[in-house]
Amino acid sequence: MNPLAELKTECEKLLVDALEEAYPGTELPPVKYSEPPSPDMGAISSPACFQLARTLRQAPAKIAENLAQCIKPEKGGVVASAEAVNGYINFHTDLGGYSELVLKAAIEGDEGYGFLKTGEPKKVMVEHTSANPNSPLHIGNARNSILGDSLAKLLEKRGHDVVRHFLVNDMGRQVAMATYGWRLLGKPEPKTPAELWVGTIYASVNVITELNRFRTDLKEAEEQGWVYEAQEARDEIEKYETAADGLKNRFPGLYESLAKTLLGVEDPMAEIVTLNTAYENNEPEAVKDVRQVVRYCLDGFEASLGQLGIRFDSFDYESDLVWKRAADEVLEALNESGYVIKERGAQILDCDWVARDLGLKERWGLHPEHEIPRLVLVRGDGTTLYTLRDMAYHIWKFGFVDRVINVIGMEQNLAQLQLRIALAAIGKQWMGDNLLHYSYEFVKLPGVKMSGRLGRYVTLNEVLDKAVELAYMEVDKRNPRLGEADKKDIARMVGFGAVKHTLLSVDPMKQVVFDWERALNFETNSAPFIQYSHARTCNILKRAEKTPDPDYEQLVDVKEKELVNLIAHFPEVYERAAEELKPGDITAYANNLADRFSSFYATQRVIDAETEGLIGARLALVDATRITLRNSLEVLGIEAPERM
RNA sequence: GCGGUCGUAGCUCAGUGGAUAGAGCACGGGUCUUCGGAACCCGGGGUCGCGGGUUCGAAUCCUGCCGACCGCGCCA
């Protein structure tokens, strides 16, 4: 299952024995192994001599020499020899034995190859996407969805029991605004795509009311002769007018129709607040309308993400928590904790006090001097704020899972920290300990930031459509005789793969500027490149008419050794990626493997190799590559076509 | 002001204490009598933001500074 681990164990034993012989009584430092720059220098190497240099008071190179001389590989093992180079001890593997061990592990492991199981399986919830249900998913939300789903897959393969949840933020003003606009239009049936249509209504209402507001401001400023204020208003008006132009192009007549209707409304914001309050109070008419608008959006989300194979186990409505008065108990517990301050009728949690009192700063690795801002729980007028509901939501989550991973943008860093502190304040520190905010940076458009309020975004659907269209042209060009259904199927896999790979291969903490060219790149260092390599492996295997007994000793070429080494590393690469929640490690690995395979493919013949034994061995190598590429793609949520 | 994140080739990015800092794109030059050219091979191109420190060894850890972004709501 893990051939590399077997190799390491053997090296470890040889090192310990050699050390005892060369330097009796010396302890081998904790194991770390690295790969030599070239497979010609060995399959694996130990830098232990650098660590030993201090205690033994000798140069690392000298120690390595002495140690290497004492290393006596056993017969039947996979280590053939060891040599000292620059202070490293490089282990060479037995020509046939190691290749056989690795390739058999991959081929026999097949669909399970590399997915090392955890010793402590847990119930884990991954909450991701949770986009406001009043605008379409854009490429920024997509980063969240794709990361979240990949995390879920990584954890599942590790043996955890994973559920995927989506929090429906239906209590906000934004949703009320969208619903209000929909009512103004006479509650029409949505145009498609429905979520873009709803998003346009929402942004239009927002832009129109803001424009009206700033125009009034401007008029007043001009009358009063306030130069600065007037200029400020003019700048805002310009910004919103630009947004309005964009919106007018989306659904003909929609913006104009809303603008006309809103002209007759004296205070639209007041009406939106009224609708929001009615919804909060569970009034049937409001519930019916708001839920309808939310439904339009969620159906769209499910359709877009469903294409990508991303699905949820549950959609949790914030309003349900409100109607159940779930926050009441939480507030009571907080008040009993003694950490709550009252100020002009408001109730405020002193987060810094909690953190100091419970030693959370040290426990969670926060700056000890840093004062954590306090958190208002209840307003002066007695109404509650979001955090209370969020606490109730998380207590509910922890009712059936051991660990929660929230995939949420980094702008919520403080809010998520305060949430954990608040949970600790009411004696639920274990929840704080097991709540991970998986933070990521937003996606920028060249020059501007995306904004739902202004209706300014590149939608996920747009990106997917364009990617698939491009992929189709590519497939059609290369494989014109393929059936139409097959072409479409392949184009879908390739196009979606390209988009996913682009978003997964960049560190989540890095801001990315959305770039069509990069997202739709099909060349080396992309999903299509990996998929293409996979298709090639399949093709070779399909064309092989016979599968002679492999003679692994004939795999002597550097390119073959590189491939064997890479395949051997997959279990550990996966394990690390799953433990550290870094899908990017897998994209890098898969690229590397595909790259090395392409290089092998260019120079080594497989099905008409020189000898029968070599044909068999290379077929095994190709098969193991195929399996490893496919398994890598699987945890990334990218499909592996057998031809393209 | 305080806190967080980021700063690596012209561009987009890998690289969380080990050997000569790597890919792709772009640029220049090559490879097909071929299991699929979405390919392969070669080349130019780097003060790893700047300065100090820790270490046998630092892009990586610590510290100061500079720059970009985010946060510090009785919003959600």
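Chain naming here is simple, since letters A, B, ... match the order of the sequence lines and numbering starts at 1 in each.
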(Q) Using a heavy-atom cut-off of 4.0 Å across all strands, would you classify A:Q174 as base, sugar-phosphate, or nothing? (A) nothing
Q) When the nearest nucleotide of RNA chain B is assigned to A:E642 and to A:V378 on a heavy-atom basis, which residue is associated with the more 5' position? A) A:E642
(Q) By the 4.0 Å heavy-atom rule, please label A:N276 as base, sugar-phosphate, or nothing. (A) nothing
(Q) Under 4.0 Å, counting only non-hydrogen atoms across every strand here, what does A:N539 touch: a base, just sugar-phosphate, or nothing? (A) base
Q) Checking only heavy atoms, does the side chain of A:S45 share a donor-acceptor pair with the base of B:rA19 at less than 3.5 Å? A) yes
Q.
Can you see whether A:E127 engages A:S130 through a side-chain donor-acceptor pair at a distance of less than 3.5 angstrom?
A. yes
Q: Could you work out which one of B:rG36, B:rC6, B:rG15 sits closest to the side chain of A:R643?
A: B:rG36
Q. Whole Å only: how far is the OH atom of A:Y440 from the C1' atom of B:rC70?
A. 13 Å
Q.
Give me the distance, rounded to whole Å, that separates B:rG29 from B:rA68 when you measure between the P atoms they each carry.
A. 41 Å
**Q.** Given B:rG36, B:rC74, B:rA19, the nucleotide with the shortest approach to the side chain of A:P37
**A.** B:rA19
Q) What heavy-atom pair brings A:E318 and A:L167 nearest, and what distance separates the two atoms? A) N-CD1, 4.2 Å
Q. Quick one: is A:K582 getting a side-chain N or O under 4.0 Å of the B:rU16 phosphate, OP1 or OP2?
A. no
Q. Any side-chain donor paired with an acceptor under 3.5 Å for A:E83 and A:N90?
A. no
**Q.** A:E562 CD - B:rC40 C1' separation (whole Å)
**A.** 14 Å
Q) Think A:S439 has a side-chain N or O under 4.0 angstrom from the OP1 or OP2 of B:rU5? A) no
Q) With sugar-phosphate meaning primed atoms plus P, OP1 and OP2, does A:E318 contact a base, only sugar-phosphate, or nothing at under 4.0 Å between heavy atoms? A) sugar-phosphate
Q: Determine: side-chain N/O of A:R543 to OP1/OP2 of B:rG36, distance under 4.0 Å, yes or no.
A: yes
**Q.** Aromatic A:F597 / basic A:R536 pairing, under 6.0 angstrom, 45° off normal
**A.** no
Q.
Mind checking if A:V475 touches a base, just sugar-phosphate, or nothing, with heavy atoms under 4.0 Å?
A. base
Q: Using Watson-Crick or G-U wobble geometry with both distances below 3.5 Å, tell me the partner of B:rC72, or none.
A: B:rG1
Q: Using the six-membered ring wherever Trp is involved, compare the ring planes of A:F570 and A:Y574 and label them parallel, tilted or perpendicular (cut-offs 30° and 60°).
A: tilted
Q. If you find the nucleotide of RNA chain B closest to A:R389 and the one closest to A:F442, which residue's nucleotide is nearer the 5' end?
A. A:F442
Q. Taking a pair as Watson-Crick or G-U wobble with both distances under 3.5 Å, which nucleotide is matched to B:rU31?
A. B:rA39
Q: Look at the rings of A:F315 and A:F166 and say which category their plane angle falls in: under 30° parallel, 30 to 60° tilted, over 60° perpendicular.
A: tilted
Q | Distance, rounded to the nearest Å, where A:N591 contributes CG and B:rU12 contributes C1' | A | 14 Å
Q. Using purine N1 to pyrimidine N3 plus N6-O4 or O6-N4 for Watson-Crick, or N1-O2 and O6-N3 for G-U wobble, each under 3.5 Å, what pairs with B:rG24?
A. B:rC11
Q) If we call it a pair only when both distances are under 3.5 Å in a Watson-Crick or G-U wobble match, what pairs with B:rG67? A) B:rC6
Q: Could you tell me whether the phosphate oxygens of B:rC40, OP1 or OP2, come under 4.0 Å of any side-chain nitrogen or oxygen in A:T524?
A: yes
(Q) Once you apply a heavy-atom cut-off of 4.0 Å, does A:I607 come out as touching a base, just sugar-phosphate, or nothing? (A) base
Q | Among B:rA76, B:rA19, B:rC72, the nucleotide that comes nearest once only the side chain of A:S34 is considered | A | B:rA19
**Q.** Below 4.0 Å: OP1/OP2 of B:rU16 and any side-chain N or O of A:R576
**A.** yes
Q | Nucleotide nearest A:R379 when distance is taken to its side chain, options B:rC25, B:rC13, B:rC74 | A | B:rC74
**Q.** Distance, rounded to the nearest Å, where A:Q418 contributes CD and B:rC74 contributes P
**A.** 10 Å
Q: Scan every strand shown for a Watson-Crick or G-U wobble partner of B:rC56, both distances under 3.5 Å, and answer none if you come up empty.
A: B:rG18
Q.
Just by distance, no angles: are the side chains of A:E35 and A:S45 close enough, under 3.5 Å, to form a donor-acceptor pair?
A. no
(Q) If I pick the C1' atom on B:rU8 and the same atom on B:rA14, what distance separates them, to the nearest angstrom? (A) 10 Å
Q. Hey, does A:Q347 reach any base, or is it just sugar-phosphate, or nothing, if we go heavy atoms under 4.0 Å?
A. nothing
Q: Pick base, sugar-phosphate or nothing for A:D507, based on heavy-atom distances below 4.0 Å to the nucleic acid.
A: sugar-phosphate
Q.
For the P atoms, the ones on B:rA23 and on B:rG44, what distance do you get once it is rounded to whole angstrom?
A. 12 Å
(Q) Between A:S319 and A:R291, do the side chains contain a donor N or O and an acceptor N or O under 3.5 Å apart? (A) yes
**Q.** Listed nucleotide nearest any side-chain atom of A:E580, set B:rU16, B:rC74, B:rA19
**A.** B:rU16
Q.
I'd like the P distance from B:rG46 over to B:rA9, given in whole Å.
A. 10 Å
Q) What does A:N592 touch in the nucleic acid at a heavy-atom separation under 4.0 angstrom: a base, only the sugar-phosphate, or nothing? A) nothing
Q: For B:rG24 versus B:rU16, give the span between their C1' atoms, rounded off to a whole number of Å.
A: 23 Å
Q.
Would you measure the distance from the C1' atom in B:rC11 across to the matching atom in B:rU54 and give it in whole Å?
A. 36 Å
Q. Closest to the A:K510 side chain: B:rG7, B:rC75, B:rC72?
A. B:rG7
Q) Under a 3.5 Å cut-off for both distances, is B:rG46 Watson-Crick or wobble paired, and to whom? A) none
Q) Which part of the nucleic acid, if any, lies within reach of A:A346 when heavy atoms closer than 4.0 Å are counted: base, sugar-phosphate only, or nothing? A) base
**Q.** Among B:rC74, B:rC40, B:rA76, the nucleotide that comes nearest once only the side chain of A:S598 is considered
**A.** B:rC40
Q. Nearest to the side chain of A:V506, which nucleotide is it out of B:rA19, B:rA14, B:rC56?
A. B:rA14
Q | Nucleotide B:rA39, atom C1' - distance to OH of A:Y601 in whole Å | A | 9 Å
Q) Rounding to the closest angstrom, what is the interatomic distance between B:rG37 and B:rG49 at atom C1'? A) 41 Å
Q | Polar side chain donor-acceptor pair, A:Y440 to A:D507, under 3.5 angstrom | A | no
Q) Within the structure shown, what part of the strands sits under 4.0 Å from A:E474 by heavy-atom distance: base, sugar-phosphate, or nothing? A) base
Q) If you check every side-chain atom of A:N90, which of B:rA19, B:rA76, B:rG36 has the closest atom? A) B:rA19
Q. Can you tell which of B:rC6, B:rA14, B:rG24 lies closest to the side chain of A:M509?
A. B:rC6
Q: Dump the intermediate steps for side-chain hydrogen bond (donor to acceptor under 3.5 Å, both in side chains) on A:Q174 and A:N134, then the final yes or no.
A: CA-CA 7 Å; A:Q174 306 102 309; A:N134 63 328; 5.4 Å; no
Q) When rounded to the nearest Å, what value does the distance between C1' atoms of B:rG36 and B:rG4 take? A) 49 Å
**Q.** Presence of A:S599 side-chain N/O under 4.0 Å of B:rC41 phosphate oxygens OP1/OP2
**A.** yes
